A.B. asks: 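Okay, here's the structure, questions in a sec.
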Amino acid sequence: MSDQQGLFEFADLPEWEQAAAEDLQVAEVVFNLPLEKPYTYSIPDEFRELLKAGMRVKAPLGRGNRTVVGYCVNVRQAESAIRKLKPIHEVLDSEPLLNDVMLKLTHWIGERYLCGWGQVLDSVIPAGVRRKSGTRLVQSFELSSKADQLIEAGKLPKKQQTVVDVLREFTEPVAATRLCELAECGPGPITALRKKGIVTALRIRSEVSGEMLEDAVQTEDLILNSQQQQTLDKILSAVRSGEHSTMLLHGVTGSGKTEVYIRSIREIVSYGRQAIVLVPEISLTPQTIRRFRCRFKSVAVLHSHMTDSERHWQWQQIAQGQIEVVVGARSAVFAPTPNLGLIVIDEEHEPTFKQDSTPRYHAREVARYRCMQERVPLLLGSATPTLESWLRATRRQDTLLSMPDRVAELPLPPVVVVDTRNDPRIGKGSSLGRALFTSIGRALNEKGQVILFLNLRGYSPTVWCRSCGTGVKCPDCDITLTWHRDRAEAVCHSCDYSIPAPEKCPTCESAAVRYFGTGTQKLEAEVAAAFPAARVLRMDSDSMRKPGSHDEALEKFRHGEVEILLGTQMIAKGLDFPNVTLVGVIDADSMLNQPDMRASERTFQLIAQVAGRTGRSSRGGRVLVQTTNADAPSIKYASKHDFMGFAYHELQQRKETGAPPFSTVTRVIFRGMSEPQVCETAREVANKLRTVAKDLDPEARILGAAPAPITRLRGYYRFHLQIAAPSHERVKLLWQRVEGKLKLPDSVEMAVDVDPINSR
DNA sequence: AGCACGCCGACT
DNA sequence: GTCGGCGTGCTC
């Protein structure tokens, strides 16, 4: 406010203008531009009744007064001390695109994730909704207010009279084509009537498409076991309390979490409220959708492969309260439910809930804030919760609900850790060690199916010793060093520490190895050669590019048309295959040794999730994990199915190093075509941050700048730095102090990632 | 992000 | 003398 007065002194205004300002309505508008605050505009009389917060407007901006589209975020009485304001040019929406809760939520996202409110709004409102896809402006007519007296005055020709008669039967405007049809005439008589002033023309927005939801056959609720029933009772008491609470449902794979979600949702639907269920994009399969569709009458699905008009239509349906349950990926957290009753996030630990472009929000945190505002519960479910969620639960900030047993009392499959350090087959360059090789053979003989899991795509080569099994770590950052072949150096991607590539392992003195693992394609060839009788199917993002191929492949496997399924991440989750008797993790090390703070957590999650893929029938099943580091806690605890043991150990570790969730990390990424320029810019920003932090917040630590773990990406050189601080608030204060003063070269782009989920 | 304003070099 | 190079900073 004070800066505004500084520019245009209140005293400069003539007195009559001050008086006029007293009851002036003004609009606060945000743009998708790097502006810090909303700008204030006057509202011309013609828009006074029309304009509401949540609508988009066109407004003049800058000295040239170019017209820019922005979002009206508030309409209020102007304060008495007001300077001359520019007027809103145009109002683009007839109804708000967002209500007050959503406006507040998007504002919070901007603050929390360090980006502009306008940027958040632009990304949160689907393009199809903004463009009103699936609707068209239709030329329509209605009788004018003076119609009666004009008709009195003179008799009308026959055709024109018919048109008037037709219009008298409607209270609403009639579309031109429809009117011609009903009056059995051409456009002539209508034009004539318009000239006489008897009918008025207007353009009405009308829906073009509007496919109805197919009705799935409704099925009965399942009978819950006592563990599920107890959990449900706790959730229901939270639902009935009418207050917000976050509940973490820790349930092993196969414990029947989905049924508990459904029954919780049933309760809130019975109050006439709506639920939002967030699932990882990859789980948004026809099976998942069917599970909800056959239990609720109206289920909307929001996924990334929808057309603009489909999405717009769904959005409308949701906003009108026609929908009981919204199932969708990350962005469904913004579904405009008029009376929200519950948000469920399944597989809460999945990294896909973090958006990897601006605004880089985490759907869990957005959901938490939204649920707090709407005073409804948030239910997080996972067999392997994030340590962030787990810590909150153990501190009683959130409520912990546990379902430690599988339904039907199936035991979790035994997990065998295979130490491959001295394996003869691996020594000869094979990916399948002796134990795994023989186990596959046996499983196939017994007519079982096999899943082989390999995790490699997009991972960096790490410096790691094959004989003692430890990664070579940075002395300051506790993350594994990355091998740079061209420079013959081992580099830390957190702090830029580097050493010449070691000839020998610093721990056991044997020859250190730079490590490049096997890819899925190479593994496929090897498996096919080793088991020529088996049918092998490879699933990775390369072979599953076209839509639907994913489901198709899984169906093939389910029907037993394939014996061995091998692939990356995407086969680790979701579906049960009763006939799978063996799961092999080819190389747990490639994940464990990633230069990432969460490498250990990821490894645990991965093994736990793949273990959940087997042992789902009486045939039992086992899991084999190949590693050279059998003592790593993530592997040890995962083999015992001991999440709590792992969490306790890992949290201890994080506490010692001051890593999240005991601190917050914000990452700033720089990219550009010129390596020295990017590097220099990143260093400058890091130094500026350090200088400001010195007296503003001595507890904040600046790490780097350093090359990003993926140093080159699509021709860009990438560097990053990290800000570690005790709270988000303090990172914000520090960043805002520095950000304004930065002048980046045009050729270097910068992105800010609060709570990064990976540091690639 | 765009766009106006500014303050220095090569032109009719 | 002027036209225009693009660096700087502001936009209710």
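Excluded from the calculations below are hydrogen atoms, water molecules and symmetry mates; all remaining heavy atoms, backbone and side chain alike, are included. Protein chains get the first letters and strands the later ones, always in sequence-line order, with residue 1 at the start of each. Predicted model, so just to flag it, every value in this text is computed and none were measured.
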A.B. asks: Whole Å only: how far is the CZ atom of A:R63 from the C1' atom of C:dC10?
C.D. replies: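 One finds 6 Å between C1' of C:dC10 and CZ of A:R63, rounded.
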A.B. asks: Between A:E699 and A:R730, is there a salt bridge with N-O shorter than 4.0 Å?
C.D. replies: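 Counted as a salt bridge, because a side-chain N and a carboxylate O are separated by less than 4.0 Å.
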A.B. asks: Report the distance from atom CG of A:L61 to atom C1' of C:dT11, rounded to the nearest whole Å.
C.D. replies: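 Distance, rounded to whole Å: 5 Å.
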A.B. asks: B:dG2 P sits how many Å from A:D746 CG, rounded?
C.D. replies: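 These atoms are roughly 12 Å apart.
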A.B. asks: What's the closest nucleotide to the A:P34 side chain, out of B:dA1, C:dT11, B:dA4?
C.D. replies: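 Out of B:dA1, C:dT11, B:dA4, the nucleotide with an atom closest to A:P34's side chain is B:dA1.
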A.B. asks: With a 4.0 Å cut-off on N to O distance, would you call A:E388 and A:R598 a salt bridge?
C.D. replies: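 Here A:E388 pairs with A:R598 in a salt bridge, since their nearest N and O are under 4.0 Å apart.
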A.B. asks: Are A:S331 and A:R311 linked by a side-chain donor-acceptor pair shorter than 3.5 Å?
C.D. replies: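 Short answer, no.
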A.B. asks: I'd like to know if A:K132 and A:D93 make a salt bridge, using a cut-off of under 4.0 Å between side-chain N and carboxylate O.
C.D. replies: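 Salt bridge between A:K132 and A:D93, a charged N being under 4.0 Å from a carboxylate O: yes.
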A.B. asks: Hey, are A:D755 and A:R360 close enough for a salt bridge, meaning a charged N less than 4.0 Å from a carboxylate O?
C.D. replies: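 No, no charged N to carboxylate O under 4.0 Å.
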A.B. asks: Rounded to whole Å, please give me the gap between NZ in A:K84 and C1' in C:dT11.
C.D. replies: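 Rounded to the whole Å, the gap is 18 Å.
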A.B. asks: Classify the ring geometry of A:Y113 against A:W108: parallel below 30°, tilted from 30° to 60°, perpendicular beyond 60°.
C.D. replies: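 Ring orientation, 0 to 90° scale: perpendicular.
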A.B. asks: Roughly, in whole Å, what's the span from CD in A:E749 to P in B:dA1?
C.D. replies: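 Going from CD in A:E749 over to P in B:dA1 covers 9 Å.
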A.B. asks: Rounded to the nearest Å, what distance is computed from the CG atom of residue A:L744 to the P atom of nucleotide C:dT8?
C.D. replies: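 The answer, rounded to whole Å, is 13 Å.
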A.B. asks: How close or far is atom P of B:dC3 from atom CZ of A:F31, stated in whole angstroms?
C.D. replies: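 Taking CZ of A:F31 and P of B:dC3, I get 14 Å after rounding.
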A.B. asks: Could you give the CG-to-P distance, from A:N32 to C:dT11, as a whole number of Å?
C.D. replies: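 A:N32 atom CG is separated from C:dT11 atom P by 19 Å.
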A.B. asks: Scan residues 65-75 of chain A against DNA chain C and write down, sorted by residue number, each residue with any heavy atom closer than 4.0 Å; if none is found, say none.
C.D. replies: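 Within residues 65-75 of chain A, no residue comes under 4.0 Å of DNA chain C.
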